[in-house]
Amino acid sequence: MRSLSSLFQKDCRMMTSGKFFLIAFASLVLYTLFIHFGYLNFMEDHSDIYNVYLYDPAGTYTEASPLIHSAASSEELDEALATDTGGVGIRIKDGKPNIVLYTGSEKTDRHRADYALSLLYPGSKYKPETVGGYTVEMKQRREITCELLFIEIAAVGFLGIASVLFKEKQMGVIRIHAIMPLKKSLFLCSKVFLFLLTDFIFAALMTLINVGLTEAGGILPAVLIQTGILSLIMALMGFCCTMLLKDFKQFSLAYLVIALFLATPVFLSANTTIKMDWIYYHPFYHIYMGLKNAFFGTPVTNPLYYIGSACAIILLFGAAIAAFYKETGKEG
């Protein structure tokens, strides 16, 4: 236990000298400023993002909102939607409105149709459908906080541990550990635990500041659980790659591959209308959705998810230990 404490203190000094904690604090400040003064203001200015087009040949709906664009013919309505695929069309047939739109996600389509009908029936004549229990601003806060937290944890766990390890390689720390009578697993446990603790603190502050003290109280435990899973996986992956690769250039290429082929499909499938059938076999998609569901108060309850995560962490831990033994063998 004393050896682990000494290693932990040494890693803290290494990360402090490398300005790691300062960079993490700066990231927290920048993300918060972006959310409060950038993203929320931008989304407020673009709250009515769906253009609505109406084809009403009989002129039935004379009290429709002036925000609706009139189409002179059914063909003109189709052409407008072909140009503006995010818009919503209303075709009046036999006095009843029929919604026409290019489909995206189910919930977004319901929002779009609901918004279009609210313009067709101005005032109190139409009661919008309830599709969620959050205000628009709170929904935006939770979504953007989740996305930035996922990016930060994934990047910090992978790149952060690499920066520390490559520096220790240059200083000959690996060579010293190769001849010291210490369990090799302690070297890994110290670093992984430090990054896990740092990520917990970062996630808690990020959630409390940007979601709010009142709202964050009920979701923070679930958010920290998902943060812990992502943090352990990324830190162990970063450790393995650092031990197996020669220098930071090769490591940067590995990170680029991970960012492009692992993270990009996840964000496209989870946050856009682009859907990929194979995405459900992507492990990081389930981790991201687990974090997102936690932010919206619906934590993952499927035991297979946690069993799979635990197995992945155990396998990565074993691979990291094997890679460290291989590296110390070279140094020794």
Side-chain angles (χ1 to χ4, degrees), residues 4-5 7-8 10-12 14-15 20-21 23-24 27-28 146-166 168 183-207 219-245 251 254-255 257-259 262-263 266 282-295 299-325 327:
L4 180 60
S5 176
L7 285 172
F8 184 80
K10 182 264 297 178
D11 289 334
C12 284
M14 287 286 294
M15 293 176 68
F20 177 85
F21 298 119
I23 293 173
S27 298
L28 177 65
C146 170
E147 292 171 13
L148 293 176
L149 180 61
F150 183 87
I151 293 171
E152 176 70 14
I153 299 301
V156 167
F158 198 73
L159 293 174
I161 200 167
S163 63
V164 173
L165 286 171
F166 278 118
E168 289 187 339
K183 290 184 178 180
K184 300 298 186 291
S185 59
L186 293 180
F187 183 83
L188 172 60
C189 289
S190 172
K191 285 180 171 52
V192 171
F193 178 73
L194 180 55
F195 275 92
L196 179 62
L197 181 61
T198 303
D199 288 341
F200 276 155
I201 296 173
F202 186 92
L205 291 175
M206 188 83 172
T207 305
I219 65 172
L220 192 56
V223 169
L224 292 180
I225 289 174
Q226 301 305 319
T227 297
I229 292 173
L230 178 61
S231 176
L232 289 172
I233 289 175
M234 294 308 301
L236 290 170
M237 286 178 60
F239 191 97
C240 290
C241 290
T242 307
M243 290 295 108
L244 296 175
L245 299 175
F251 186 87
Y255 178 72
V257 171
I258 288 177
L262 293 186
V266 169
H282 197 308
F284 279 87
Y285 175 78
H286 297 284
I287 296 174
Y288 175 78
M289 292 307 298
L291 183 62
K292 190 170 185 177
N293 289 332
F295 267 97
V300 179
T301 57
N302 186 354
L304 293 178
Y305 169 77
Y306 295 104
I307 293 172
S309 299
C311 291
I313 291 170
I314 292 171
L315 289 174
L316 285 171
F317 189 88
I321 290 294
F324 184 63
Y325 270 100
E327 181 66 24

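When a residue number appears, it is its place in the shown sequence, counting from 1.
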Taking side-chain contact (heavy atoms from CB on, under 4.5 Å) as the test, write out the residues that go with [X], two or more places apart.
X: Leu148; value: Tyr31, Phe34, Ile35, Ile144, Met206
X: Ile201; value: Leu197, Leu205
X: Ala294; value: Ala222, Val223, Gln226

Pairwise distance [atom1]([X]) to [atom2]([Y]) - rounded to 0.5 angstrom:
X: Glu152; Y: Phe202; atom1: CD; atom2: CZ; answer: 4.0 Å
X: His282; Y: Ile287; atom1: NE2; atom2: CD1; answer: 9.5 Å
X: Leu230; Y: Leu196; atom1: CG; atom2: CG; answer: 10.5 Å
X: Phe295; Y: Leu220; atom1: CZ; atom2: CG; answer: 8.5 Å
X: Ile151; Y: Ser27; atom1: CD1; atom2: OG; answer: 11.5 Å

Under the side chain to side chain donor-acceptor pair (under 3.5 Å) definition, can you give me all pairs with a residue in residues 192-203, not counting sequence neighbours? Asp199-Ser231

Within the 4.5 Å heavy-atom criterion, are Val300 and Tyr306 side-chain neighbours or not? yes

Shortest non-hydrogen contact from Ala204 toward Leu224: N-CD2, 4.2 Å

Please identify each residue that fulfils ring-ring contact (aromatic ring centres under 6.0 Å, His included) with Phe150, with sequence neighbours left out. Phe267, Tyr288

Name every donor-acceptor pair, under 3.5 Å, that has one atom in a side chain of residues 307-314 and the other anywhere in the protein, sequence neighbours excluded.
| residue | atom | partner | partner atom | Å |
| --- | --- | --- | --- | --- |
| Ser309 | OG | Tyr305 | O | 2.9 |

Worked check of side-chain contact (heavy atoms from CB on, under 4.5 Å) between Ile233 and Phe284: CA-CA 10 Å; Ile233 289 175; Phe284 279 87; 4.2 Å; yes

